[in-house]
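No experiment lies behind these values; they were computed from the predicted model shown.
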Amino acid sequence: MPIATPEVYAEMLDRAKAGGFAYPAINVTSSQTLHAALRGFAEAESDGIIQVSTGGAEFLSGTTVKDMVTGSVAFAEFARVVAEKYPVTVALHTDHCPKDKLGSFVRPLLEISAERVARGQDPLFQSHMWDGSAVPLDENLQIASELLDKTAAAKVVLEIEIGVVGGEEDGVVGEINEKLYTTPEDALAVAETLGLGERGRYIVAATFGNVHGVYKPGHVKLRPSVLKEIQDAVGAKYGKEKPFSLVFHGGSGSTPEEIRESISYGVVKMNIDTDTQYAFTRPIVDHIFRNYDGVLKVDGEVGNKKAYDPRAYGKAAEAGMAARIAEACQQLNSTGTKLK
């Protein structure tokens with residue numbers, strides 16, 4: 001059962017929260033990066049989450065097709081076949097979906113999952129993210145409430161975002177300002193609107209200064225204590241300790257101390273994309289530089305087929321990305337925690 005059932009996914013999230021660790025959630029854009037993610041998890045003996053963004057899903061469909069649903073379905077079905085050969089359990093997730101793409105991404109995928117569940121199958125994906133960070137909180141939660149009914153019926157977990165992640169991902173830009181920090185009032189509104197699991201399971205990407213993309217130390221001011229503040233505020237009102245299962249977005253470049261502190265406040269999932277993109281691409285560049293006259297037909301020569309065979313540099317890229325994912329498992333304390 002390498003692809004988690006709804007019940008196993010719920011167990012994974014609960015185990016992470018209780019055990020003080022979080023799962024790396026790895027964005028992939030191809031069969032090769034999917035294998036790198038599976039390999040990284042297997043080498044770390046960690047379960048994990050593999051996800052596609054709107055841009056990643058579109059790319060997976062082919063650069064002339066550009067259909068997010070086609071790419072997502074192809075990815076999920078391919079993952080089901082190849083993941084059987086890896087000794088870990090993974091959940092499939094769709095990342096950041098803004099309002100203008102709900103109708104062409106998340107909603108059609110939820111319909112597919114509902115049809116699968118009606119036939120006695122598991123849903124296509126285990127969770128979907130609705131990114132309402134660009135709309136007012138009232139509208140964000142209104143849409144989240146509607147989606148929660150649909151995800152619950154399809155046995156899927158909903159991920160929501162309150163607050164704004166800075167930087168850029170798939171063309172969506174978040175400014176770096178005070179909106180990067182979720183408030184206790186935001187969190188209380190979430191609990192009031194969506195409940196605390198009785199209507200359906202959801203996880204919360206609360207923001208504490210997070211920024212997508214590449215940044216140097218000191219550029220971003222992460223305040224993990226924000227997570228404690230929102231957990232304490234909601235917990236005090238409803239009599240629950242750490243009522244939310246939290247998601248850490250914009251995790252690339254974060255310090256080990258920031259990651260550990262965030263996990264202690266209930267983070268169970270951390271998105272990683274920028275760092276793994278670099279870990280995948282760097283060995284390819286190294287291969288090309290070392291085999292310049294083999295990769296290219298310099299001065300009319302024939303080159304070296306073994307050098308420009310995509311498998312030559314693809315293997316190195318996969319190994320590089322897998323190593324970075326194993327490192328992430330170590331940072332998130334998930335190494336050695338796979339389901340038996």
Side-chain angles (χ1 to χ4, degrees), residues 1-17 23-28 31 34 37-38 41 47-54 56-58 60-61 67-84 86 88-98 101-132 143-161 194-195 197-205 245 247 268-269 271 338-339:
M1 187 192 53
I3 302 296
T5 64
E7 295 75 20
V8 167
Y9 189 34
E11 181 185 352
M12 285 171 59
L13 298 176
D14 290 341
R15 287 178 70 244
K17 194 173 182 182
Y23 296 107
I26 307 300
N27 282 71
V28 301
S31 60
L34 168 62
L38 291 166
F41 288 133
D47 301 318
I49 299 168
I50 301 176
Q51 57 193 29
V52 292
S53 65
T54 55
E58 185 179 271
L60 278 158
S61 75
D67 182 84
M68 293 180 289
V69 173
T70 297
S72 298
V73 172
F75 156 74
E77 296 291 5
F78 183 76
R80 276 180 163 74
V81 174
V82 298
E84 290 285 345
Y86 292 85
V88 289
T89 303
V90 295
L92 306 181
H93 175 80
T94 61
D95 199 15
H96 290 277
C97 181
K101 293 184 178 178
L102 281 172
S104 56
F105 190 44
V106 165
R107 286 195 172 107
L109 291 174
L110 275 174
E111 290 176 6
I112 291 171
S113 284
E115 292 169 0
R116 288 172 61 96
V117 168
R119 296 195 299 266
Q121 297 176 288
D122 290 330
L124 187 66
F125 284 83
Q126 284 64 62
S127 49
H128 293 291
M129 182 192 177
W130 146 237
D131 184 353
I143 294 172
S145 181
E146 175 249 321
L147 288 172
L148 186 60
D149 292 335
K150 295 184 181 299
T151 54
K155 297 185 178 181
V156 170
V157 175
L158 177 66
E159 179 180 330
I160 65 167
E161 182 169 10
L194 303 182
E198 61 274 10
R199 285 185 54 195
R201 184 149 194 165
Y202 66 93
I203 54 181
V204 180
S245 292
V247 181
V268 299
K269 172 181 182 278
N271 290 11
K338 70 174 185 175
L339 292 164

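In the model, Arg199 has a side-chain atom that pairs as donor or acceptor with a side-chain atom of Ser145 under 3.5 Å. If you check the side chains of His93 and Ser127, you find a donor sitting under 3.5 Å from an acceptor. For the residue pair Asp95/Asn27, the side-chain donor-acceptor check at 3.5 Å is satisfied.
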Working for salt bridge (Lys or Arg N to Asp or Glu O under 4.0 Å), residues Asp122 and Arg80: CA-CA 11 Å; Asp122 290 330; Arg80 276 180 163 74; 5.7 Å; no
For a side chain to side chain contact (heavy atoms under 4.5 Å, CB included) check, start with the C-alpha distance between Phe125 and Leu110, then their side-chain angles and the critical distance, and finish with the verdict. CA-CA 8 Å; Phe125 284 83; Leu110 275 174; over 6 Å; no
Which is it for Val52 and Leu92 under the side chain to side chain contact (heavy atoms under 4.5 Å, CB included) test, yes or no, and what are the steps along the way? CA-CA 8 Å; Val52 292; Leu92 306 181; over 6 Å; no
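What you find for Glu161 and His96 is that their closest heavy atoms are OE1-CE1, 3.4 Å. Closest approach of Val117 and Ala154 over heavy atoms only: CG2-O, 3.5 Å. Nearest heavy-atom pair across Ile26 and Phe41 is CG1-CZ, 3.8 Å. The nearest pair of heavy atoms linking Met12 to Ala4 is SD-CB, 4.0 Å. Between Ile49 and Tyr9 the shortest heavy-atom distance is CD1-OH, 3.9 Å. Between Pro98 and Thr54, the closest heavy-atom pair is CD-CG2, 4.4 Å.
Under the 4.5 Å side-chain criterion, counting only non-hydrogen atoms from C-beta, Leu60 is not in contact with Thr70. Residues Arg15 and Leu339 are in side-chain contact: their nearest non-hydrogen atoms beyond the backbone lie under 4.5 Å apart. Taking 4.5 Å as the limit, every side-chain heavy atom of Asp47 sits out of range of all side-chain heavy atoms of Val8. In this structure, Val156 and Leu109 have side chains that are not in contact, with every pair of non-hydrogen atoms separated by 4.5 Å or more.
With rounding to the nearest 0.5 angstrom, the OG1 atom of Thr151 is 13.5 Å from the CH2 atom of Trp130. To the nearest 0.5 Å, atoms OG1 (Thr89) and CD1 (Ile3) are separated by 8.5 Å. Note that OG of Ser245 and CG of Asp14 are 6.5 Å apart. Values are rounded to the nearest 0.5 Å. Distance check, rounded to the nearest 0.5 Å: CG of Leu158 to CE of Met129 gives 9.5 Å. Atom SG of residue Cys97 and atom CZ of residue Arg107 lie 8.5 Å apart, to the nearest 0.5 angstrom. To the nearest 0.5 Å, atom CG of residue Leu124 and atom OG of residue Ser113 are 5.0 Å apart.
Between Arg116 and Glu77 there is a salt bridge, since at least one side-chain N of the basic residue sits less than 4.0 Å from a carboxylate O of the acidic one. A salt bridge links Glu159 with Lys269: the distance from a Lys NZ or Arg NE/NH1/NH2 to an Asp or Glu carboxylate oxygen falls below 4.0 Å.
In Lys17, the NZ atom is crowded: over 12 heavy atoms of neighbouring residues, nucleotides or ligands sit closer than 6.0 Å.
Tested against Thr94, the residues Gln126, Gln51, His128 include a single side-chain hydrogen bond (donor to acceptor under 3.5 Å, both in side chains) partner, His128.
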